[in-house]
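All remarks here apply to the structure that follows.
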There are 2 protein chains.
Amino acid sequence: MSLRHALLGLLVDKPASGYDLLKDFAGSLANVWPATQSQIYTELTKMAAAELITVTDAGPRGRKEYALTDAGLAELRHWLTEIPPNRPQRSDVLLRVFFLGVVDREQAREYLRGLAEKARQEHEELVGILERTDWEGGDLATYGRLALEYGLRFTDTRREWAEWAVDRIRT
Amino acid sequence: MSLRHALLGLLVDKPASGYDLLKDFAGSLANVWPATQSQIYTELTKMAAAELITVTDAGPRGRKEYALTDAGLAELRHWLTEIPPNRPQRSDVLLRVFFLGVVDREQAREYLRGLAEKARQEHEELVGILERTDWEGGDLATYGRLALEYGLRFTDTRREWAEWAVDRIRT
DNA sequence: TGGCGACATGTCAAGGTTGGAATGTAGGCT
DNA sequence: AGCCTACATTCCAACCTTGACATGTCGCCA
């Protein structure tokens, strides 16, 4: 149900069409809450019906620009402060770790080395974003920076853990 | 689709009924891949139809004990080594961080303090598991230990990040 | 022997998610 | 004028997940 709130959050900044929002989801937000085109358009329609957003402008090619209503902003604030952030985290990576005993040790180490390498790569990508972005702007920059820092620390921890795990599997 | 592989992984250790597996999912595996009763029974039926598992014993109260077939073990190994671990991570926590600008700074700090506290609690729970468990046993213990270590490091990183983030939001 | 709690499975509706197909327009370039 | 790319939306089938409902049995203890 959080796709709705992600869309509301993006519309705080400025009005946008489904197509605009789709691009936001392909960009920075993809790391936090991926969503597909069909999902976004469907959800926008439902949100308009619920009067959390309204169509404020129509452009060429049937473009509809949506803007937040007061009710939408209220809903976003409510979600931010009142709803417990509680969805249990699934991790197919960790699930595999649990069952690494069914392959031989060398394959297990290989898998963990792959995880370390992948974490390293992701970390570098985030460093790239850190360097390329201007963090002076408004709220989205401020809080986006916090989210990025989370990613930086998390990928680093993940790499260290995987390297530790490789070492721990001794013959 | 990984529920299937989680079930296969548990059945490597020993044959079990749906009820037995349900308890595994309520226990240690809940942190990694939560699943409900209906999902488990449905999936077991489908897996039996696909001959990844077979009914090896029938107990009282209609209990059906499933065991891995060769095809099941092969499928598990295949998934472990060949299939890229790729489901994108959703995080409603980070999503909220992105949009913290819509509430005032004190509320934002309060939210982050809550995250730090929650991370601290989770960390302590994991420490409890670490201390209460015998890590000498077979593969499940060995690799379960790796998964636990991941959790320990992750919750610690998360707490540090949240504390850092609180400090960073200055008036 | 009566009842309770744990054992044990099956089914269903509702909603979220994925991925793809279908459809069409506007604007820029050649 | 014709073509291509980017813009822009809608619909759908399939699958996963959640949570609830339904059904029934076994074994122990009072």
Side-chain angles (χ1 to χ4, degrees), chain A residues 1-8 10-11 15-27 29-50 53-66 79 83-84 86-92 95, chain B residues 1-8 10-11 15-27 29-50 53-66 79 83-84 86-92 95:
Chain A
M1 198 49 164
S2 288
L3 171 61
R4 165 164 301 195
H5 301 107
L7 291 167
L8 288 173
L10 289 172
L11 288 174
S17 69
Y19 196 81
D20 295 336
L21 294 166
L22 182 59
K23 278 182 297 181
D24 288 328
F25 274 87
L29 219 54
N31 300 307
V32 165
W33 202 274
T36 59
Q37 172 254 47
S38 24
Q39 229 186 324
I40 291 171
Y41 281 110
T42 307
E43 190 60 32
L44 284 172
T45 306
K46 280 196 275 182
M47 286 160 73
I53 56 178
T54 47
V55 177
T56 51
D57 196 13
R61 282 163 293 209
R63 175 193 171 95
K64 280 180 284 187
E65 198 171 73
Y66 293 99
W79 170 75
I83 309 293
N86 233 347
R87 78 177 37 239
Q89 295 285 12
R90 285 202 167 81
S91 165
D92 70 337
L95 189 59
Chain B
M1 197 47 162
S2 289
L3 171 61
R4 165 164 303 197
H5 301 107
L7 291 167
L8 288 174
L10 290 173
L11 288 174
S17 68
Y19 196 80
D20 295 335
L21 295 166
L22 182 58
K23 278 183 297 181
D24 288 329
F25 273 88
L29 219 56
N31 300 307
V32 165
W33 202 275
T36 59
Q37 175 255 45
S38 29
Q39 229 186 324
I40 290 170
Y41 282 109
T42 307
E43 190 61 30
L44 284 172
T45 306
K46 280 195 273 182
M47 286 160 74
I53 57 178
T54 47
V55 177
T56 51
D57 196 14
R61 278 163 293 210
R63 174 193 171 95
K64 279 180 284 186
E65 199 172 73
Y66 293 99
W79 170 75
I83 310 292
N86 232 348
R87 81 178 32 240
Q89 295 285 11
R90 286 202 164 81
S91 164
D92 70 338
L95 187 59

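No experiment lies behind these values; they were computed from the predicted model shown. Lettering follows sequence order; numbering is per chain, from 1.
- Between A/K23 atom NZ and D/dT5 atom C1' the separation is 13 Å, expressed in whole Å.
- Evaluation of the side-chain contact (heavy atoms from CB on, under 4.5 Å) rule for A/N31 yields no partner, not counting sequence neighbours.
- Think of the region where chain A sits on DNA chain C: with heavy atoms and a 4.0 Å cut, that region ends 5' and 3' at C/dG16 to C/dA26.
- Here salt bridge (Lys or Arg N to Asp or Glu O under 4.0 Å) pairs that include residues 31-42 of chain B, with residues two or more places apart or in two chains, number zero.
- The shortest non-hydrogen separation linking A/P34 to B/R90 is O-NH2, 2.6 Å.
- Contacts of A/T54 classified as side-chain contact (heavy atoms from CB on, under 4.5 Å), with partners at least two apart in sequence or in another chain: A/T56, A/T69.
- Within 4.0 Å of A/R4, counting heavy atoms only, lies no atom of the nucleic acid at all.
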Hey, what are the protein-to-nucleotides 9-11 of chain D N/O distances that come in under 3.5 Å?
{"residue": "D/dT9", "atom": "OP1", "partner": "A/K64", "partner atom": "N", "Å": "3.0"}
{"residue": "D/dT9", "atom": "OP2", "partner": "A/G18", "partner atom": "N", "Å": "3.4"}
{"residue": "D/dT9", "atom": "OP2", "partner": "A/Y19", "partner atom": "N", "Å": "2.9"}
{"residue": "D/dT9", "atom": "OP2", "partner": "A/Y41", "partner atom": "OH", "Å": "2.6"}
{"residue": "D/dT9", "atom": "O4", "partner": "A/Q37", "partner atom": "NE2", "Å": "3.0"}
{"residue": "D/dT10", "atom": "OP1", "partner": "A/K64", "partner atom": "NZ", "Å": "2.9"}
{"residue": "D/dT10", "atom": "O4", "partner": "A/Q37", "partner atom": "OE1", "Å": "3.1"}
{"residue": "D/dT10", "atom": "O4", "partner": "A/Q37", "partner atom": "NE2", "Å": "2.7"}

List the atom pairs, donor and acceptor, that lie under 3.5 Å between side-chain atoms in residues 35-44 of chain A and the rest of the protein, sequence neighbours left out.
{"residue": "A/Y41", "atom": "OH", "partner": "A/Y19", "partner atom": "N", "Å": "3.4"}
{"residue": "A/T42", "atom": "OG1", "partner": "A/S38", "partner atom": "O", "Å": "2.6"}
{"residue": "A/E43", "atom": "OE2", "partner": "A/R4", "partner atom": "NE", "Å": "2.8"}
{"residue": "A/E43", "atom": "OE2", "partner": "A/R4", "partner atom": "NH2", "Å": "3.1"}

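- Distance, A/D24 CG to D/dA8 P: 13 Å, rounded to whole Å.
- Under the salt bridge (Lys or Arg N to Asp or Glu O under 4.0 Å) criterion, A/D92 pairs with A/R96, sequence neighbours left out.
- For B/A30, there are no side-chain contact (heavy atoms from CB on, under 4.5 Å) partners two or more places apart in sequence or in a different chain.
- Whole-Å rounding puts the B/H5 NE2 to D/dC16 C1' distance at 14 Å.
- Here the P atom of nucleotide D/dT17 and the CG atom of B/L3 are 7 Å apart, to the nearest Å.
- B/D20 pairs by the salt bridge (Lys or Arg N to Asp or Glu O under 4.0 Å) definition with B/R63, not counting sequence neighbours.
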